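Model, not experiment: these values are computed from the prediction. One-based numbering, in listed order, for ligands and for the atoms of each.
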Amino acid sequence: MLGSMQDWPLVVPKILDHAACYHGEREMVTRSVEGPIVRTTYADLHSRSRRVAKALTRRGIRLGDRIATLAWNTARHFETWYGIMGIGAVCHTVNPRLFAEQIAYIINHAEDRLVFVDTTFIPTLEKIAKQIDRVEGYVILTDAANMPKTTLPNAVAFEDWLKDVDDDFEWAKFDENTAAGLCYTSGTTGNPKGVLYSHRSNVLHGLAVNTGDCVGAKSTDVFLPVVPMFHANAWATVFACPMVGAKMVMPGAKLDGPSVYELLEMEQVTITAAVPTVWQMLLAHMEANNLKLSTLRKVMIGGSACPPSMIETFEKKYGVEVMHAWGMTEMSPVGTIGSFKFGMEKLPWPEQLKVKSKQGRAMFTVEMKIVDDDGKDLPHDGKAFGHLMVRGPAIARAYFKGEGGRHGTDSIVDKDGWFDTGDIATLDELGFMQITDRAKDVIKSGGEWISSIDIENFAVGCPGVAQAAVIGVHHPKWDERPLLIIVRKPSADVTKEQVLKFLEGKIAKWWTPDDVAFVNEIPLTATGKIQKVALRTQFKDYKLPAAS
Ligand code: AMP
């Protein structure tokens, strides 16, 4: 017997309808790419998104067509998203930090018909314009007064493109499983692969992220997503905030410490989200200038492991709750978040810090398990570590165009629907998960695994250390041993002996790195993660002292 409730499709435009109807006066504040702060409201955004939708329809864009954006977090980018999704076209967010060659590859692979682009990224596109000649036109996210000269064919300023179009437009009608967004991930080997979100998965994910134990934003909150919209939907905040009418503060092109600090204070931000490298810049700026945070209550940190020292600084020095989160593009992207269970807030601080340093618990809509190399379930005891598998309605079942499928199919999940995250993790009795490594980064010493993330987390807590990375280096007896690579803080002169001494007692003795190398820079990926592949290449002939 079927239930007899209404068929109300879970589609993205309904989110903005709700925001405009019940929170129409609530602001979105943007640091525009042109410079000035620009204020709009959900009512304005609703109206302008429908104008985008109408303009796209007039120009022949149809259900299922792919439209690319190369843009910062701004109101115009937001309107473009909702306009594209509102007609059932697919919003392909391109990460502008990728190499030009990769950008050309994914724009061609996605068969994007139009590209909406911030002025910042015009030079990148001009270089590859000939390679992406199937793109029919470029909409530059600015107005006529700020429109630069460009060699991009059929380029028009966004405000001109919208000029003759009013907002008398009804969102298109389509099934909730219709594709809404496309985001390429280069986490796996080979070419980047496209993750194709649906309207249903976006709405469900926005709802899940909004639960109280997760981000739990409210209408009274002011949310600053520093995490870019091109990094897996700005972690769903672009859906979660309008859903509840939270004010949004969009940082535009300026993600440095002083600029982020200025917005946090000026707009009285209560919740914010970004990768650890962003917070490193903010904390350094605050420390150097003896600044405080007056309204911020929660900071969501994920994308790579958040070092305990960063958690401690936010919580103890600035009184801001840290929500350590883990996820991946394939998961929409949030999988776990580290909010406390009943009674944990009464634990002594060192115990609390241990819990907060883990990547957190699965939120509803995410199932998790860990398995060994043979696929056998491992215990949830906080000790056994294995391949982390996930399942849920906002988790990819296949990549765009069926790439990377198993056994001649397009499916990237096993017969029971589990997706292998490529991460190695532990799960404890209370459901808290801790990532120990990417499967391909794990260090195998004498057949036993060493967690590079654990060592890195402690090493960045050592005075004088700005960044730390650990890779496995060939060793004649143990196969591999850990090498610790460090970037010193400006004017610090921390030595190998000091770092190794600092690690003593914090990690198992046999995990102690065999050597420490100091470098000026650690290469990062387009989403701010340590590029271990590049480091391994750089140090491939490295001779460990014990091995020589
Ligand atoms: P991406 O799809 O680019 O967001 O990358 C996803 C990967 O980033 C995950 O599979 C993890 O390896 C890593 N990652 C994300 N969040 C965390 C975290 N909090 N701690 C450790 N690794 C993380």
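Just one of Val260, Leu224, Thr30 meets the side-chain contact (heavy atoms from CB on, under 4.5 Å) condition when paired with Pro251; it is Leu224.
At a 3.5 angstrom cut-off on N or O pairs, Met328 does not count as close to ligand 1. Where the criterion is an N or O separation shorter than 3.5 Å, residue side chain and backbone included, Gly303 meets it with respect to ligand 1. Between Glu330 and ligand 1, no N or O atom pair is found at a separation short of 3.5 Å. Residue Ala305 places at least one N or O, backbone or side chain, under 3.5 Å from an N or O of ligand 1.
Taking Thr525 as the reference, Thr527, Lys529, Gln531 meet the side-chain contact (heavy atoms from CB on, under 4.5 Å) condition, with sequence neighbours excluded.
With a heavy-atom cut-off of 4.0 Å, Ala325 touches ligand 1 through its backbone alone. When heavy-atom distances to ligand 1 are checked against a 4.0 Å cut-off, Asp423 comes that close only through its side chain, counted from C-beta outward.
Every atom of ligand 1 is numbered from 1 in the order shown, and the set under 4.0 Å from a heavy atom of His231 is 4 (O). Against a heavy-atom cut-off of under 4.0 Å, Thr527 is close to the following atoms of ligand 1: 3 (O). Atom numbering of ligand 1 starts at 1 in the shown order; those under 4.0 Å from a heavy atom of Thr329 are 1 (P), 2 (O), 3 (O), 4 (O). Of all atoms in ligand 1, numbered sequentially from 1 with element shown, those under 4.0 Å from a heavy atom of Gly327 are 6 (C), 7 (C), 9 (C), 15 (C), 16 (N).
Between Phe121 and Trp72, the ring-plane angle classifies as tilted under the 30° and 60° cut-offs. Ring pair Tyr105/His109 is parallel by interplanar angle, where below 30° counts as parallel and above 60° as perpendicular. Ring planes of Phe239 and Trp81: tilted class, angle from 30 to 60°.
Checked against a 6.0 Å centroid threshold, the rings of Tyr184 and His92 count as neighbours.
Taking a 4.0 Å cut-off on heavy atoms, Ser304 registers as neighbouring ligand 1.
Note that Arg397 lies outside the cation-pi zone of Phe419, set by a 6.0 Å cut-off to the ring centre and a 45° limit from the axis.
For Lys354, the NZ atom is loosely surrounded, since the number of other residues' heavy atoms within 6.0 Å does not exceed 12.
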